[in-house]
Amino acid sequence: MMPAMVFAAGLGTRMRPLTNDRPKAMVNVAGRPLIDYALDQVAGAAPIAVNLHHCAAPLRDHMAGRGLTLIEERHTLLETGGGLKNALPHLPGEAVLTTNSDSIWTGPTLRATLTGAWDPARMDVLMLMVPAERALGKGGRRFTLSEDGALSRNDEGLIATGAAITKSALVARDPREIFSLVDTWLARMPEGRLHGVIHPGRWADVGTPEAIPRAETLLERVP
């Protein structure tokens, strides 16, 4: 059983003014907070940790009683790498499934796709990718997927969704307190240890107020 972490500690700057009084993870899409969609995607992982920082109280109250491990970054926002490193004592095992809390998905869960393709003998990191034609929103970095699944940078290639499986040791040995998990991922590319798998459904980045109607339209298409 692989543990999971949902990143929900960001300031939600791009989502203002909706995040003036709440964390981005508590912004509603089709009547549900974004955090609930993220938790659906990692359901079945154990344990599941969620980090909190900006306007933490409503998010903490919303998740109370669900058996989640809530980790509040009270004084300093640690970014994704630092947040995961801080949470590792609560996430046993050799690898952790991670995702942001500002995405909407269709198709199989990201957990099913990532864990189904995970091979620790060949990979240190496995990133979840989506073709541009199945993505809504700004998207992340782009990559080309080789025949053996290794990733290389390509500005016209597959879009990185931000979800991944990462070997815990890569994060644990980083001397920094505050750092991006993307740095850890890209560092494994020259060794051929950064791999990708294509999500068979659709994906929407929900980082701005303007993205909410697009994501709701995507959900309306789901049977």
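Below, each value reflects all heavy atoms present in this structure, side chains not excepted, and no hydrogens, waters or symmetry copies.
- Counting only heavy atoms from C-beta outward, the side chains of F7 and L181 approach each other to under 4.5 Å.
- Note: M2 CE to I165 CD1 = 4.0 Å, rounded to the nearest 0.5 Å.
- Hydrophobic clustering (side-chain heavy atoms under 4.5 Å, transitive across Ile, Leu, Val, Met, Phe, Trp, Tyr) keeps V50 apart from I71.
- Between the side chain of R134 and the main chain of G201, a donor-acceptor pair closer than 3.5 Å is present.
- Counting all heavy atoms, side chain and backbone alike, S168 lies closest to G93 at OG-O, 3.4 Å.
- Between the side chain of R111 and the main chain of G44, a donor-acceptor pair closer than 3.5 Å is present.
- Interatomic distance, T184 OG1 to R176 CZ, rounded to the nearest 0.5 Å: 6.0 Å.
- With sequence neighbours left out, P200 forms a side chain to side chain contact (heavy atoms under 4.5 Å, CB included) with P108, T113.
- Here the closest non-hydrogen pair linking L77 and A9 is CD1-O, 3.1 Å.
- Considering every non-hydrogen atom in both L194 and M127, the closest pair reads CD1-SD, 3.4 Å.
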Give the intermediate values and the outcome of salt bridge (charged side-chain N to carboxylate O under 4.0 Å, His left out) for residues R122 and D148. CA-CA 10 Å; R122 296 188 301 118; D148 68 353; 5.5 Å; no
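- Checked against V130 for a side-chain contact (heavy atoms from CB on, under 4.5 Å), the options L158, I159, L136 give a single hit: I159.
- Formation of a donor-acceptor pair under 3.5 Å by the H199 side chain with backbone atoms of L114 is not found in this model.
- Cluster annotation: M189 is connected to I198 through the hydrophobic network of ILVMFWY side chains, with a link wherever side-chain heavy atoms come within less than 4.5 Å.
- The shortest non-hydrogen separation linking M26 to I35 is SD-CG2, 4.2 Å.
- Atom CH2 of W203 is separated from atom CD of Q41 by 12.5 Å, given to the nearest 0.5 angstrom.
- Using a 4.5 Å heavy-atom cutoff, the side chains of I212 and V29 are in contact.
- Annotation: side chain of L128 is not in contact with side chain of T99 (no heavy-atom distance under 4.5 Å).
- Minimum interatomic distance between G149 and L145 (heavy atoms only, all atoms of both residues): O-CD1, 3.2 Å.
- Residues passing the salt bridge (charged side-chain N to carboxylate O under 4.0 Å, His left out) test with R153: none are found, sequence neighbours excluded.
- Checked by atom type and distance alone, the side chain of T106 pairs as donor or acceptor with a backbone atom of R202 at under 3.5 Å.
- Hydrophobic clustering (ILVMFWY, side-chain heavy atoms < 4.5 Å, transitive): L84 and L78 are in distinct clusters.
- In this structure, L70 and L52 have side chains that are in contact, with non-hydrogen atoms separated by less than 4.5 Å.
- M5 pairs with exactly one of L91, T69, T166, L97 by the side-chain contact (heavy atoms from CB on, under 4.5 Å) rule, that one being L91.
- Under the 4.5 Å side-chain criterion, counting only non-hydrogen atoms from C-beta, R66 is in contact with L39.
- Side-chain atoms of N100 never come within 3.5 Å of backbone atoms of D102 as a donor-acceptor pair (strictly under, hydrogens ignored).
- Listed by first then second residue, pairs satisfying ring-ring contact (aromatic ring centres under 6.0 Å, His included) with a partner in residues 141-195 number zero, not counting sequence neighbours.
- In this structure, V197 and A117 approach most closely via the heavy-atom pair CG2-CB, 3.8 Å.
- Atom CG of L59 sits about 11.0 Å away from atom CG of L34, to the nearest 0.5 Å.
- At a threshold of 4.5 Å between non-hydrogen side-chain atoms, the residues L110 and V42 count as touching.
- The environment of CD in E156 is sparse: at most 12 heavy-atom neighbours from other residues, nucleotides or ligands sit within 6.0 Å.
- Within the 3.5 Å criterion, the main-chain N or O of A30 finds a donor-acceptor partner in the side chain of E216.
- Considering CZ of R142 and CE of M129, their distance stands at 9.5 Å, rounded to 0.5 Å.
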Can you check side-chain contact (heavy atoms from CB on, under 4.5 Å) on V96 and L88, steps first, answer last? CA-CA 9 Å; V96 182; L88 283 180; 4.1 Å; yes
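- Residues H90 and P47 fail the side-chain proximity criterion, which asks for heavy atoms closer than 4.5 Å.
- Between K167 and R193, the closest side-chain pair of non-hydrogen atoms falls below 4.5 Å.
- Rounded to the nearest 0.5 angstrom, H53 NE2 and E79 CD are separated by 11.5 Å.
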